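See structure below.
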Amino acid sequence: QIQLVESGGGLVQPGGSLRLSCTASGVTLSNYVMGWFRRAPGKEREFVAAIERTGRSASYGDSVQGRFTISRDNAKKTVSLQMNSLTAEDTGVYYCAAQTYIRATAQTMRLSNWYPSWGQGTQVTVSS
């Protein structure tokens, strides 16, 4: 059973940067597709980014494309989300998610209900 713990959230000014980390335990991380999702106050959970198990391919939500970068280190069992040029619209709780790579597609990696394993989330607040 994979366990996920997010870290790195906090308060940042508009235009600033933040780096989130997700640490996995209990599994071989290279067997998993990893995703980041977020939930803003009063809104539904939104796809942010996902990365396939080798790290060679990644996918991004339209609202973060070009500003966020997802990466992974399977040896260290970590997945990171580098967030640049942050705006108030990026405020929310950010969640790390995992699913085994079998039957993963570019479409399924973007769907929150495809992922069975989730972390508890880390709060990101963008405000001056």
Side-chain angles (χ1 to χ4, degrees):
Q1 181 75 14
I2 188 170
Q3 294 182 323
L4 304 171
V5 178
E6 301 94 336
S7 62
L11 174 64
V12 62
Q13 291 187 342
S17 298
L18 210 57
R19 186 177 182 88
L20 305 182
S21 292
C22 172
T23 301
S25 61
V27 297
T28 300
L29 192 63
S30 59
N31 290 334
Y32 288 81
V33 172
M34 303 297 294
W36 283 97
F37 292 79
R38 67 187 181 189
R39 187 188 297 275
K43 295 185 178 181
E44 294 186 354
R45 189 160 50 190
E46 175 188 15
F47 169 72
V48 175
I51 189 166
E52 58 81 40
R53 65 189 188 109
T54 67
R56 288 195 294 262
S57 177
S59 177
Y60 296 92
D62 291 343
S63 62
V64 307
Q65 181 77 46
R67 299 187 298 123
F68 290 11
T69 302
I70 187 172
S71 60
R72 65 190 296 159
D73 185 331
N74 287 337
K76 295 182 178 179
K77 296 187 178 183
T78 60
V79 178
S80 298
L81 184 69
Q82 177 66 41
M83 305 186 296
N84 299 328
S85 302
L86 288 162
T87 73
E89 286 66 41
D90 295 314
T91 294
V93 180
Y94 284 68
Y95 299 91
C96 177
Q99 169 61 296
T100 56
Y101 71 93
I102 296 173
R103 285 189 287 276
T105 68
Q107 291 72 35
T108 59
M109 291 169 55
R110 303 171 70 92
L111 302 175
S112 62
N113 59 10
W114 183 72
Y115 293 86
S117 302
W118 293 82
Q120 293 188 331
T122 184
Q123 176 70 45
V124 172
T125 302
V126 184
S127 176
S128 56

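Note that the structure is predicted; figures quoted are calculated from it, not measured.
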- [ ] Report the relative orientation of the aromatic rings in Tyr115 and Phe37; use parallel for angles under 30°, tilted for 30 to 60°, perpendicular for over 60°.
- [x] perpendicular
Open item on the list: Could you check whether Ser63 and Glu46, counting side-chain N and O atoms only, form a donor-acceptor pair closer than 3.5 Å?
Closed with: yes
TODO: Please check if Met109 and Tyr94 belong to a single hydrophobic cluster, counting links between Ile, Leu, Val, Met, Phe, Trp and Tyr side chain heavy atoms closer than 4.5 Å.
DONE: no
Open item on the list: Working note: Tyr95 + Arg39, criterion side-chain contact (heavy atoms from CB on, under 4.5 Å); need CA distance, chi angles, decisive distance, verdict.
Closed with: CA-CA 8 Å; Tyr95 299 91; Arg39 187 188 297 275; 4.3 Å; yes
Task: Worked verdict on Val5 versus Gln3 for side-chain contact (heavy atoms from CB on, under 4.5 Å) - done: CA-CA 7 Å; Val5 178; Gln3 294 182 323; 5.8 Å; no
- [ ] Measure the shortest side-chain to side-chain distance between Trp118 and Leu4 over non-hydrogen atoms and say whether it is less than 4.5 angstrom.
- [x] no
Task: Where Gly92 and Gln123 come nearest, the two heavy atoms and their spacing - done: O-NE2, 3.4 Å
Open item on the list: Are Val93 and Val126 linked, directly or through intermediate hydrophobic residues, by side-chain heavy-atom contacts shorter than 4.5 Å (ILVMFWY only)?
Closed with: no
- [ ] Give, for atom CD of Glu52 and atom CD1 of Ile70, the distance between the pair rounded to the nearest 0.5 Å.
- [x] 10.5 Å
- [ ] Determine whether Val79 and Val27 fall in the same hydrophobic cluster, where Ile, Leu, Val, Met, Phe, Trp and Tyr are linked whenever their side-chain heavy atoms lie under 4.5 Å apart.
- [x] yes
Open item on the list: Apply side-chain contact (heavy atoms from CB on, under 4.5 Å) to residues Leu11 and Ser127 and explain how you reach the verdict.
Closed with: CA-CA 7 Å; Leu11 174 64; Ser127 176; 4.1 Å; yes
Open item on the list: With heavy-atom distances below 4.5 Å as the criterion, would you say the side chains of Asn31 and Thr100 are in contact?
Closed with: no
Open item on the list: Enumerate the salt bridge (charged side-chain N to carboxylate O under 4.0 Å, His left out) contacts for residues 64-79, please, sequence neighbours excluded, ordered by first and then second residue.
Closed with: Arg67-Asp90
TODO: List the atom of Gly8, the atom of Leu18, and the distance in Å for their closest heavy-atom pair.
DONE: O-CG, 3.5 Å
Task: Side-chain (Glu6) to main-chain (Thr122) donor-acceptor, under 3.5 angstrom - done: no
Open item on the list: Please determine whether residues Val33 and Ile102 belong to a single hydrophobic cluster, defined as Ile, Leu, Val, Met, Phe, Trp and Tyr linked transitively by side-chain heavy-atom distances below 4.5 Å.
Closed with: yes
TODO: Verify side-chain contact (heavy atoms from CB on, under 4.5 Å) between Arg19 and Ser80, making sure each step is shown before the conclusion.
DONE: CA-CA 7 Å; Arg19 186 177 182 88; Ser80 298; 3.5 Å; yes
Task: Separation between CZ of Phe47 and CH2 of Trp36, rounded to the nearest 0.5 Å - done: 13.0 Å
TODO: Give the minimum heavy-atom separation between Ala40 and Thr91, together with the two atoms involved.
DONE: CB-O, 3.6 Å
Open item on the list: I'd like to know whether CG of Asp62 has more than 12 heavy-atom contacts from other residues, nucleotides or ligands below 6.0 angstrom.
Closed with: no
TODO: Would you give the length of the straight line joining atom CD of Gln99 to atom CE of Met34, rounded to the nearest 0.5 angstrom?
DONE: 11.0 Å
Open item on the list: Looking at every heavy atom in both Ser85 and Ser17, which two are closest together, and how far apart are they?
Closed with: N-OG, 4.4 Å
Task: Thr87 (side chain) donor-acceptor with Glu89 (main chain) under 3.5 angstrom - done: yes
Open item on the list: So if I apply the side-chain contact (heavy atoms from CB on, under 4.5 Å) rule between Val48 and each of Met83, Arg110, Arg38, which one comes out positive?
Closed with: Arg38
Open item on the list: Quick one: does any side-chain atom of Asn74 pair with a main-chain N or O of Arg53 as donor and acceptor, under 3.5 Å?
Closed with: yes
